[in-house]
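Here the structure comes first, spelled out in structure tokens, and everything after it is commentary.
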Amino acid sequence: MGRYYQPEIECASQEQIRAWQDERLIKQVRHVYDNVKMYRERMDELGVTPDDIKGREDLHKLPFITKDDLREQYPYGLLAKPLSECVRIQSTSGTTGRRVVAFYTQHDIDLWDECCARAIVAAGGSNEDVVHVSYGYGLFTGGPGLNGGSHKVGSLTLPMSSGNTERQIQFMTDLGSTILCCTPSYAAYLAESIIERGLRDKIKLKAGIFGAEAWTEEMRHDIEEKLGIKAYDIYGLTEISGPGVSFECEAQTGMHINEDHFIAEVINPVTGEVLPDGEKGELVFTSITKEAFPLLRYRTRDICILSHEKCPCGRTHVKMTKPLGRSDDMLIVKGVNVFPSQIETVLLNKGYPANYQIIVTRANNSDHLEVQVEMTPEMFSDSVSVITEKEKELVSALKAMLGIYADVKLVAPKAIARSEGKAVRVIDKRNLYQNN
Ligand code: DLL
């Protein structure tokens, strides 16, 4: 198998992609209008009929859908196929309140698996590989998605799921895993654990496919160096299918969105205005091939930038940057917008591991930001005065990056609880968003 899983699709001309999108969008709008009450009501309210949608250029006529809509329609409200034709549900990791449940027909699963197969082949995967899947299996889409993709590619698939690090490492060394799929924070933890056990020479990993949470370029370099691999980003969300909505190629300069299945738009999150390539805004997806749970103009809350620049890998599908933050989990501390990724960049630049927690509290109407950072074992042996000096150094680096004061506490190696799935980076004790 070559560098592409489906070269005729992944390298199709812009005109061909556009033609697929036009044709599939028209069909999809008719499908949801006929089968989902909420879409019919929303479109009727706007005075838009399926006949008004003649292609992508008419996308802007359709209403946006938000996570709140999904919660309100829980569980069956947005189902567009009879339950008898659905074979699977998956669900978001969820915060509080109602979860979001997504449904799949067998055809939906096949297409989703193909998207993940494209990502695995882009990371150098083939039927010669041993794909070690340490994303959680179950309601979370990470495990099932990469598992399905690996089967399509014909790789030997290790359905490890998350947790039990000892067993992960044993299988990895015994079975010669070559591609690791997990969250970047778990990859960093596995790397640390492998090095600690002196097993770095016993692993055969060549690539990693890491996503489901924000991670920085610095973290990528750290993992690549520690494991001796090339680390590829993968993006997706349960509502739209799961991992594989977009994936990185060897150029590592953004993720190709599988445009034959998903139409991407970037909008101004406040006005809803559609923004051109190169402008930062909220990512919105329309799923044009999903049968059971199709979403039109779904607002992801992920902030990113789209680019149609030619990619050296030969793929023609539009690229998105890593999510640069979320329009909702952006912290506002003392009135200043703070993204956890900014803090992570400072820490990694200064040689700290990506094991940290951001704690925000409020007393007497004043916000307080504290960053707890783990020391490396070498730093831990330093004297108290050296540690205090290091804390001061971080305080001023964070001030320069964020524009506000953050208290820094250096803690012992391993003091911050490790995550086997998505890392818990932020503890906001202010209860400002009680409905979320
Ligand atoms: O996280 C699906 C997934 C699994 C993606 C495995 C990649 C690998 P949800 O639990 O529904 O689905 O969370 C979706 O996670 O809106 C983003 O905010 C965030 N996210 C996903 N991938 C990335 C990434 C899965 N590569 C939400 N970088 C999305 C940054 C990501 N954030």
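FYI, side chains are in, hydrogens and waters are out, and symmetry mates aren't considered; it's all heavy atoms of this structure. Everything numeric here is computed off the predicted structure, so don't read it as measured data. When a ligand or atom number is given, it counts from 1 through the structure's own listing order.
The side chain to side chain contact (heavy atoms under 4.5 Å, CB included) test with L369 singles out one residue from D407, V408, I404, and that residue is I404. Screening F140, Y104, F103 against Q90 for a side chain to side chain contact (heavy atoms under 4.5 Å, CB included) leaves a single residue, Y104.
For the ligand labelled ligand 1, residue K322 lies outside the 4.0 Å heavy-atom shell.
Listed by atom number, the atoms of ligand 1 under 4.0 Å from P323 heavy atoms are 28 (N), 30 (C), 32 (N). Of all the atoms in ligand 1, the ones that sit under 4.0 Å from a non-hydrogen atom of I234 are 7 (C), 8 (C), 22 (N), 24 (C), 26 (N). For ligand 1, the atoms lying closer than 4.0 Å to a non-hydrogen atom of L237 are 11 (O), 12 (O), 14 (C). In the vicinity of K422, heavy-atom distances shorter than 4.0 Å reach the ligand 1 atoms 1 (O), 9 (P), 10 (O), 13 (O), 15 (O), 25 (C).
In the displayed structure, H107 atom NE2 is contacted under 6.0 Å by at most 12 heavy atoms of other residues, nucleotides or ligands. The number of heavy atoms from other shown groups lying within 6.0 Å of NZ (K27) does not exceed 12. Remark: E8 CD is packed, more than 12 non-hydrogen atoms of other residues, nucleotides or ligands lying under 6.0 Å away. For CZ of F64, the number of neighbouring non-hydrogen atoms (other residues, nucleotides, ligands) closer than 6.0 Å is greater than 12.
The N/O atoms of T238, backbone and side chain alike, include one that comes under 3.5 Å of an N/O atom in ligand 1. The N/O atoms of D233, backbone and side chain alike, include one that comes under 3.5 Å of an N/O atom in ligand 1. Residue G242 has no N or O atom closer than 3.5 Å to an N or O atom of ligand 1. Geometrically, ligand 1 and Y135 share no nitrogen or oxygen pair separated by less than 3.5 Å. Taking distance alone, with nitrogen or oxygen atoms compared against 3.5 Å, W215 stays at or beyond that limit from ligand 1.
Remark: R118 fails to qualify as a cation-pi partner of Y4 under the 6.0 Å distance and 45° angle criteria applied to the six-membered ring.
Salt bridge absent: D108 and K81 never bring a charged side-chain N and a carboxylate O closer than 4.0 Å.
Comparing heavy-atom distances from atom 14 (C) of ligand 1 across G236, G421, P243, P144 singles out G236 as nearest. Of the listed options A102, G142, S241, A212, A212 places a heavy atom closest to atom 19 (C) of ligand 1.
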